[in-house]
Amino acid sequence: MANFAKSNVPQFSVEVYQNEYLPEGGREVNAIVTVTSTGGGTTGGVPLSGAGATPVRASGQAPRAAVVIMVDCSGSMDYPPTKMRNARDATAAAIDTLRDGTSFAVVGGTHVAKEVYPGNGRLAVADARTKAQAKEALRALGAGGGTAIGTWLRLADRLLGAADVDIRHGILLTDGRNEHEAPEDLRAALDSCAGRFTCDARGVGTDWEVKEVTAIASALLGTADIVADPAGLAADFTQMMENAMGKEVADVALRLWTPVGVEIKFVKQVAPTVVDLTGRRTGAGPRAGDYPTGSWGDESRDYHVCVQVPQAGIGQEMLASRVSLILPDPSGGAPQTLSQGLVRAVWTEDMAASTSINPQVAHYTGQAELAQVIQQGLDARKSGDFDGATAKLGRAVQLASASGNEDTAKLLSKVVDVVDAATGTVRLKAKVADADEMTLETRSTKTVRVKK
């Protein structure tokens with residue numbers, strides 16, 4: 001029977017899916033690590049699977065949170081004039097969704113960042129009065145100026161960094177390209193903000209750069225999406241803020257310990273989206289490293305861990321890696337281990353056992369390839385390499401169909417005419433709406449879980 005958590009106590013569990021059997025001389029070990037957080041009282045009713053789940057907060061104690069909303073106020077937000085009005089309405093809807101007691105601020109972004117509310121380098125505490133004041137302050141938001149997103153992020157970081165809270169989160173809206181600062185300035189801002197707060201990024205309309213918006217969300221472990229019609233902003237902002245208010249625990253790290261001689265090839269989040277965490281490792285003692293996962297509410301995510309082990313003979317076995325969930329102690333004490341799982345390697349002469357691919361590993365290998373070939377196909381299409389685009393997007397159609405990723409299959413069908421999904425036979429459409437191409441690119445990393 002499923003174990004349903006009733007109290008406001010977040011708990012974590014880890015499950016490892018792998019085929020531990022290797023042929024003689026085999027060295028590559030793959031595992032899917034499913035991490036589940038339940039019982040935070042956010043969505044409720046999520047079954048807690050796996051043993052050894054550990055609570056991380058006393059029952060009944062709500063997390064302290066701070067949120068900064070960054071609204072693009074550049075000149076292009078006036079074309080059409082309804083876009084700025086929709087952005088104001090969406091920000092007001094997000095403010096209404098704030099849980100009372102949450103610290104918050106609104107930033108207006110152009111080629112500089114300005115505090116819209118409450119001002120003076122402070123955060124307000126959400127209640128009926130401050131929400132009303134903040135919505136009144138939104139009336140002053142107008143369009144004019146350029147776009148320098150790095151300055152918006154740095155101001156948000158200063159505001160959030162001053163807050164004594166558990167959860168720090170940003171929501172960023174832009175409608176244009178980051179034309180008023182150098183790309184390296186935005187990258188430096190992201191590097192300085194990474195690990196300090198999470199951030200959801202949205203592009204409104206079709207005049208913004210997908211790779212800029214998705215890079216922001218990836219670096220800051222948030223979500224990215226397109227809102228092609230500005231009229232949809234209020235619903236999207238409300239949903240984003242509801243998700244932010246559902247976060248219970250921040251700064252959880254996936255810690256990999258490996259024995260002598262074992263090399264980590266990659267660590268990726270593979271559900272609900274593909275995010276490569278390999279380059280974000282920070283040392284955590286001898287032969288151990290931490291990979292950031294951001295903030296958690298009631299949810300489950302999957303990670304693909306690939307390691308290379310030393311060669312061994314038939315009948316030998318070893319611990320290839322120990323995967324732990326770690327919560328740092330804000331006071332600098334020893335971190336808390338929330339849950340852990342083991343990745344094993346066993347060498348066998350049984351060919352059937354050693355050549356079998358675990359279903360979860362096979363599925364997510366395909367989902368990662370799906371994200372990659374969509375990006376490659378769209379890049380080829382933009383550069384005029386139509387044969388290359390057809391081949392890559394055809395492979396994407398084939399992978400989406402085989403894995404049951406219906407949402408991605410629908411997005412692909414707006415860019416290519418599908419002749420045969422099973423073989424990946426497609427034709428590029430002669431005309432593709434900008435919104436359809438950008439939606440496919442923005443959502444290309446969204447995955448589906450293994451079909452049961």
Residues which pass salt bridge (Lys or Arg N to Asp or Glu O under 4.0 Å) with Asp200, listed by chain and number, not counting sequence neighbours
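Asp200: no salt bridge (Lys or Arg N to Asp or Glu O under 4.0 Å) contacts found.
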
His304: which of Tyr364, Tyr291, Tyr17, Phe266 passes ring pair (Phe, Tyr, Trp, His ring centres under 6.0 Å):
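The ring pair (Phe, Tyr, Trp, His ring centres under 6.0 Å) with His304 is passed solely by Phe266 among Tyr364, Tyr291, Tyr17, Phe266.
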
Salt bridge between [X] and [Y], side-chain N to carboxylate O under 4.0 Å?
X      : Y      : result
Lys392 : Asp379 : no
Asp100 : Lys131 : yes
Glu441 : Lys211 : yes
Lys83  : Asp175 : yes
Arg177 : Asp207 : no

What pair of heavy atoms forms the shortest contact from [X] to [Y], and how long is it?
X      : Y      : result
Arg187 : Ala215 : NH2-CB, 4.4 Å
Leu141 : Val116 : CD2-CG2, 3.6 Å
Leu138 : Arg88  : O-CD, 3.0 Å
Val165 : Arg64  : CB-O, 3.4 Å

Any ring pair (Phe, Tyr, Trp, His ring centres under 6.0 Å) pairs touching residues 146-197, not counting sequence neighbours?
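For residues 146-197: none.
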
Can you pull the ring pair (Phe, Tyr, Trp, His ring centres under 6.0 Å) pairs that have at least one residue in residues 87-116, sequence neighbours excluded?
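Sorted pair list: Phe104-Tyr117.
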
Run through Leu256, Val309, Val343 and flag the one making a side-chain contact (heavy atoms from CB on, under 4.5 Å) with Val262.
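Going through the options one by one, the only one that passes is Val309.
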
Report the residues that fulfil side chain to side chain contact (heavy atoms under 4.5 Å, CB included) with Asp434, sequence neighbours left out, ordered by chain and then residue number.
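Asp434: side chain to side chain contact (heavy atoms under 4.5 Å, CB included) contacts with Thr206.
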
Among residues two or more places apart or on two chains, list those pairs meeting salt bridge (charged side-chain N to carboxylate O under 4.0 Å, His left out) that have a residue in residues 136-147.
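The answer is Glu136-Arg139.
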
Name all pairs fulfilling the salt bridge (charged side-chain N to carboxylate O under 4.0 Å, His left out) condition that reach into residues 266-280, sequence neighbours left out, sorted by first residue then second.
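Pairs touching residues 266-280 that pass the test: none.
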
With sequence neighbours excluded, tell me which residues meet side chain to side chain donor-acceptor pair (under 3.5 Å) with [X].
X      : answer
Lys446 : none
Asp78  : none
Asp329 : Ser331
Ser192 : Arg154

Trp208: ring-ring contact (aromatic ring centres under 6.0 Å, His included) partners, not counting sequence neighbours:
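For Trp208 there are no ring-ring contact (aromatic ring centres under 6.0 Å, His included) partners, ignoring immediate neighbours.
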
Return the set of residues passing ring-ring contact (aromatic ring centres under 6.0 Å, His included) with Tyr79 (not counting sequence neighbours), or none when no residue passes.
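For Tyr79 there are no ring-ring contact (aromatic ring centres under 6.0 Å, His included) partners, ignoring immediate neighbours.
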
